[in-house]
Amino acid sequence: MTHLDPKAVFVPCVLLLWCFTLVISIAGDYEILLRVKNAQIDDPHGNLHDWVPNKDHNPCNWTGITCDPKQLAVISINLSGFGIFGGFPSGFCRIHTLQNLSLASNNINGTLSSESLSLCSHLQLLSLSNNLLVGRLPEFPPEFSQLQVLDLSLNNFSGDIPDSFGRFPALKVLTLSSNLLSGQIPAFLGNLSELTRFELAINPFKPGPLPPEIGNLTKLENLFVPTANLVGSIPESIGNLVLLKNLDLSDNDLSGRIPESIGGLRSVEQIELFGNQLSGELPESFANLSALTNLDLSLNRLTGKLPNKIAAMSIGSLNLNDNFFEGEIPESLASNPNLWELKLFNNSFSGTLPENLGQNSDLENFDVSTNKFTGELPKYLCFRKKLQNIIAFDNRFSGNLPSTLSECSSLAYVRIQNNELSGEVPVNFWGLPLLYFLQMDGNRFRGSVSPSISSARNLSTLLISGNNFSGEFPNSICRLHELVTLQVSRNQFSGDIPFCITELKKLQKLRMEENLFSGKIPSSVSSWTDLTELNLSRNQLSGEIPPGLGDLPVLNYLDISGNSITGEIPVELTKLKLNQFNLSDNKLYGKVPSGFDQDLFVSSLLGNPNLCSPDLKPIPPCQKSKRESFYALIVLSICVVLLLASSLCYFRTKSNAFGGKSKKLHKVTTFQRIGFNEEDVISSLTDENIIGSGGSGRVYRVNLKTGQTVAVKKLWEGCRKPDTESIFRSEVDTLGRIRHGNIVKLLFSCSGEECRILGFEFMENGSLGDALHDERSVSLLDWPKRFTIAVGAAQGLAYLHHDCVPAIVHRDVKSNNILLDEEFRARVADFGLAKTLQLDAEVAEGHCVMSRVAGSYGYIAPEYAYTLKVTEKSDVYSFGVVLLELITGKWPTDSSFGDNMDIVKWVTEAALSSSQVEKDGVCGFKDLDRIVDPMMNPSEWDYREIEKVMHVALLCTSAFPINRPSMRRVVELLLKDAKLSCSK
Ligand SMILES: *[C@@H]1O[C@H](CO)[C@@H](O)[C@H](O)[C@H]1NC(C)=O
Ligand SMILES: *[C@@H]1O[C@H](CO)[C@@H](O)[C@H](O)[C@H]1NC(C)=O
């Protein structure tokens with residue numbers, strides 16, 4: 001027997017015990033992970049498929065798990081972007097060796113409570129960024145002494161930043177950007193003395209200052225607080241941040257001067273202060289910022305000159321746009337070796353640019369537009385062959401285009417319009433290979449366009465109108481297959497228009513007016529499938545109008561006036577849906593095609609002495625030859641016989657279809673290509689197809705033979721006078737030409753002695769009024785849909801008010817006149833007719849059903865009672881009522897409002913007057929839920945938007961028209977995150 005050394009026993013025993021505890025510990029982690037996976041995590045994509053029991057009870061090889069190799073313990077769980085669902089899986093924190101827990105970019109929902117966090121106090125990193133968490137930020141228990149990274153950005157956390165956020169002794173990174181935090185930025189965050197990165201951007205904080213305590217964070221390298229409602233001035237203490245590399249306070253409301261102390265930011269590389277209200281001159285201390293490479297101060301109210309010292313700094317990107325800078329640009333700017341971007345637009349800089357700008361640095365972007373610069377464009381802009389953009393429009397640059405630019409092969413985008421540039425454009429400049437946008441209109445360039453332009457293969461826009469260019473236009477233009485817009489108007493180009501120009505398939509706009517072009521209009525135009533605008537007016541063109549123009553599917557602007565065009569007007573042209581049409585002052589002859597036989601077109605036809613028309617007054621009537629009259633007589637007699645025969649048959653079968661009287665459709669106008677047949681339509685106007693009935697007529701649903709469904713409105717009859725007919729027609733004509741995504745399209749109309757019908761697109765989801773007030777459909781209208789409808793309808797009305805010439809006042813805006821297509825997009829309907837129809841009503845006798853009041857009860861603006869005038873602002877009022885209807889889900893004259901109350905009074909008085917709270921110029925409503933439609937069940941985010949829409953509605957329904965915003969402004973207010981003050 002050998003004697004056992006006690007040490008020899010003890011050491012292995014201890015080792016064994018140690019191994020044993022390790023195994024126990026890793027086995028414990030394994031159990032915890034499996035339990036959390038099963039109980040707390042929903043993993044629909046199976047990303048945790050390898051988290052399954054194994055015989056070693058070892059999780060270290062599982063996806064997302066990192067173990068400490070020595071201790072055999074889980075130290076990190078990273079499930080970022082795994083698409084997992086469920087609440088915060090706090091069970092992971094039971095692994096007491098866990099240091100890092102990252103669950104970013106998943107669908108973790110619910111709230112984050114202090115209780116669920118209490119297990120996690122040993123963590124060093126916690127990232128829950130980009131999840132679906134809501135509610136207040138939790139107080140972190142004081143045990144979180146090791147936390148270094150806390151990332152809760154991109155969630156829907158709301159409310160204040162809790163006090164405990166000022167008590168993390170080790171925190172280096174705090175990221176709360178893109179939440180719904182609404183308190184002020186607290187001063188106690190200045191206690192986080194270890195912070196290197198601090199991000200609070202994009203939160204609806206209550207307007208407040210950037211706390212001066214920020215200057216205590218002397219280890220800070222990144223300070224990122226754009227779009228956080230910062231007001232007041234930038235604190236002096238900012239200058240203490242000597243390690244700061246990135247400073248971004250853009251898009252706030254900071255005001256006052258940039259503090260002199262900014263010169264203390266010795267390490268700063270990037271300063272973004274754009275979009276504030278900063279004023280005054282730039283501090284001299286800027287010159288100390290030797291590491292600065294990007295400086296963006298655009299969109300402020302800074303004044304003064306660009307200091308020489310700043311110009312001499314080695315800044316790479318300098319943006320000073322949209323300020324009030326004046327004075328000259330210092331020469332030293334050009335010696336800066338790093339400058340790659342120079343943006344000075346929308347200031348009042350004057351004088352000349354430094355001559356050697358671009359010679360010493362790789363300049364790529366150059367934008368000095370809208371200033372008062374004079375002198376020549378700098379020669380060396382493209383010296384390093386890196387220049388991509390030259391933007392210099394709206395200045396007083398003069399002299400030649402620098403010849404060096406013709407070797408600038410990197411150049412892609414040039415806008416130098418509205419200067420005083422002159423001379424010939426260098427031959428090779430036209431053909432720069434990467435050039436896709438060339439705008440130089442409104443200068444004094446002369447000479448010809450070089451055939452070398454064919455090398456500019458990417459060119460999509462060429463705008464050279466209003467210069468003194470001359471000579472023939474080169475055929476090589478036809479090789480530029482990307483060309484979309486070509487405008488060469490108001491020059492002295494002569495010779496033929498290149499015939500091959502019709503090969504440019506992508507061309508949308510071709511304007512060549514006011515030149516000396518001669519010869520014929522290119523005739524084989526069928527490739528121009530995208531062409532919307534063709535203006536060849538005031539040239540010396542001859543020959544006939546190519547009939548093919550009438551087949552172009554989207555041409556809506558055709559002007560060939562002021563030439564010597566001969567021949568008859570091709571009847572094909574009547575197929576076009578024209579906004580602008582001019583054939584005047586040519587040598588056209590023959591009969592005006594019946595499609596143009598309308599007063600609207602008279603001015604487009606004048607100045608063609610040999611045109612004739614049976615109807616149009618100023619144009620002479622057509623002389624019929626005897627032969628023609630003879631044939632016409634025979635044809636007419638046959639027609640009469642046939643007509644009599646057929647109408648006899650017709651009345652036998654349908655003697656009572658229209659109240660016993662014979663009805664003929666006259667003047668059929670089709671605005672869209674649809675298979676439309678009058679008979680089809682008439683025979684479908686039966687009671688069983690009625691889908692609605694209103695002030696102006698009944699609406700029927702009609703299925704055309706083509707399978708298309710249309711809504712046909714048959715206007716009330718019986719109250720009309722012959723001379724209102726032409727008003728009706730010209731108005732219908734306007735409507736037919738309106739193209740807007742939020743306005744119902746008029747497809748066709750017929751009008752005649754006794755019948756007027758209008759054919760519209762059929763709208764799958766009926767009217768907003770029905771959808772909103774019908775229990776069966778209202779559940780489909782959640783807040784986001786309602787908001788989209790509000791914006792859509794506003795855009796439609798804004799189009800009528802601001803983009804139509806003359807402006808169209810709707811006169812009957814109400815929820816029943818806002819239709820919803822299959823995707824619940826709003827389409828404004830029934831506009832413009834109110835006026836015509838009202839005229840009719842005034843002359844009515846007997847059974848006329850229309851009231852004289854323009855508009856519908858509950859939607860009519862108060863001033864109508866005494867002015868009896870309807871303006872755009874009355875539409876705005878009615879639209880405001882529709883907004884209130886969307887929010888409350890109640891009819892404007894709901895009986896629950898009580899005596900003499902309508903929705904506007906109810907909302908403003910009963911529900912809001914006592915609960916509107918104004919703080920720092922921003923208005924909120926305390927108990928909005930009293931009036932919000934309970935059917936919507938809105939989310940917290942929805943409430944913010946509802947609040948905004950409520951503000952807009954109250955503005956729109958203000959008693960005085962002058963206080964109501966324009967529809968265009970309404971659209972802006974709805975779309976912007978606008979801050980409004982309380983309406984009084
Ligand atoms: C982990 O995987 C590696 C390679 O896939 C393998 O060699 C190793 O044995 C595995 N370890 C455990 C504990 O399963
Ligand atoms: C979280 O999401 C799950 C599944 O998507 C859902 O069942 C649960 O109700 C949600 N919880 C909360 C609090 O919203």
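In each ligand, atom 1 is the first atom listed, and ligand 1 is the first ligand listed.
In this view, Asn765 satisfies the side-chain hydrogen bond (donor to acceptor under 3.5 Å, both in side chains) rule with no residue, not counting sequence neighbours. The side chain to side chain contact (heavy atoms under 4.5 Å, CB included) test applied to Asn78 returns Ser80, Ser102, not counting sequence neighbours. In this view, Lys37 and Leu48, Trp51 satisfy the side chain to side chain contact (heavy atoms under 4.5 Å, CB included) rule, not counting sequence neighbours.
Sorted by chain and number, the heavy-atom contacts of ligand 2 below 4.0 Å come from Phe85, Asn109, Gly110.
Atom NZ of Lys245 has 12 or fewer heavy atoms from other residues, nucleotides or ligands within 6.0 Å.
Between Tyr943 and Trp783, the distance from one ring center to the other does not fall under 6.0 angstrom. Taking the centre of each ring, Phe168 and Phe140 come in below the 6.0 Å mark.
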